[in-house]
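Scroll down for the structure; my scribbles are underneath it.
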Amino acid sequence: MATKARLFVISGPAGTGKGTLVARIRDRRPNLDLSVSATTRKPREGERDGVAYYFLSEDEFTRRVEAGDFLEWDGHFDKRYGTLRSEVDARLEAGHSVILEIDVNGALNVKRVCPDAVLVFIAPPSLEVLEARLRGRGTETEEQIALRLGRVEMEMAKAAQYDEVVVNDDLETAVDELDAIMDKYETDERN
Ligand code: ADP
Ligand code: 5GP
């Protein structure tokens, strides 16, 4: 059966395991490319420019918005984040599926401009587990954790608009489910 490169958009609450799942699925699917987003926030310890994000100044971000370089962009926590078209278009044309790890509003905006995009929501098994993972990761201050937890209800409410939902309880099971979803859309009979 013919396969088709697809744009997969992964989102879900902070701490639900998106980064972990994306790293695991990329090990399994060498043809899957990760889009690196641009942001105006400062790099955290260990984050490299062009790997974690493209770290842009406010002026540079504005210039690129005005140049039409973004597929979508949004503001969070006083900073801007966006998907560059240059991260997506050429890879799809070269036959590589692309994964975007972006927030729920960004994901729904992508679906508006790219109806073919496949939206996958990564849900935590429970709010308690989510909070424990977020704290256990140890990368945010208490204030930042509270801000992230404050968004969870809004984020979970948007899961119904996604094409697929994966509950990240047991990691291996979740990776298998995501792998099967990607196979399904890449070999869709409408391709
Ligand atoms: P996100 O990218 O969604 O913010 P992370 O991938 O950073 O989340 O995961 C948050 C924390 O939870 C990390 O410490 C990660 O190791 C852990 N984690 C992720 N998935 C699981 C899982 N299925 N079971 C237990 N811990 C997990
Ligand atoms: P962080 O600063 O913790 O890396 O990310 C903060 C938020 O920005 C997360 O919800 C993340 O999903 C979101 N984000 C990262 N990249 C993008 C992007 O390209 N577009 C949008 N809309 N959100 C993004």
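First listed ligand is number 1; within each ligand, the first listed atom is number 1.
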contact_flag [X] ligand 2 heavy-atom lt 4.0 Å:
{"X": "K18", "value": "no"}
{"X": "W73", "value": "no"}
{"X": "E140", "value": "no"}

Heavy-atom check, side chain of [X] versus side chain of [Y], under 4.5 Å:
{"X": "V88", "Y": "L7", "result": "yes"}
{"X": "W73", "Y": "S37", "result": "no"}
{"X": "L56", "Y": "T39", "result": "no"}
{"X": "F70", "Y": "T83", "result": "no"}
{"X": "V9", "Y": "E101", "result": "no"}

Atoms of ligand 2, numbered as shown, that sit under 4.0 Å from any heavy atom of [X]:
{"X": "R41", "value": "1 (P), 2 (O), 4 (O)"}
{"X": "G82", "value": "18 (C), 19 (O), 20 (N)"}
{"X": "G106", "value": "22 (N)"}
{"X": "D74", "value": "22 (N)"}

Option of least heavy-atom distance to atom 25 (C) of ligand 1 (set: R133, E140, R137, R148): R133
Closest candidate by heavy atom, reference atom 24 (C) of ligand 2, pool F70, Y53, Y81: Y81
Below 4.0 angstrom from a heavy atom of [X], which ligand 1 atoms are there? Numbered from 1 as shown, please.
{"X": "D169", "result": "22 (C), 23 (N), 24 (N)"}
{"X": "G19", "result": "1 (P), 2 (O), 6 (O)"}
{"X": "P13", "result": "3 (O)"}
{"X": "A14", "result": "4 (O)"}

Region of A174 that comes within reach of ligand 1 [heavy atoms, distance under 4.0 Å]: neither
Which side-chain N or O atoms in residues 152-159 pair as donor and acceptor under 3.5 Å with protein atoms at least two apart or in another chain?
{"unit_1": "E155", "atom_1": "OE2", "unit_2": "R151", "atom_2": "NE", "d": "3.4"}
{"unit_1": "K158", "atom_1": "NZ", "unit_2": "N105", "atom_2": "OD1", "d": "2.8"}

[X] side chain to [Y] side chain, donor-acceptor N/O pair below 3.5 angstrom:
{"X": "Y162", "Y": "S11", "result": "yes"}
{"X": "T3", "Y": "E186", "result": "no"}
{"X": "R91", "Y": "S35", "result": "no"}

Closest approach of any protein heavy atom to atom 15 (C) of ligand 1, naming residue and atom: T20 OG1, 3.6 Å
Spacing of CD belonging to E72 relative to CG belonging to D103, to within rounding of 0.5 Å: 7.0 Å
Residue part near ligand 2, for R148, under 4.0 Å between non-hydrogen atoms: side chain
Structural part of K79 in contact with ligand 2, heavy atom criterion under 4.0 angstrom: neither
Min N/O separation G136 to ligand 1 under 3.5 Å: no
Atom 9 (C) of ligand 2 within contact range, any protein heavy atom under 4.0 Å: no
Min N/O separation R151 to ligand 2 under 3.5 Å: no
Residue list, side-chain contact (heavy atoms from CB on, under 4.5 Å) with R48, at least two apart or on another chain: V51
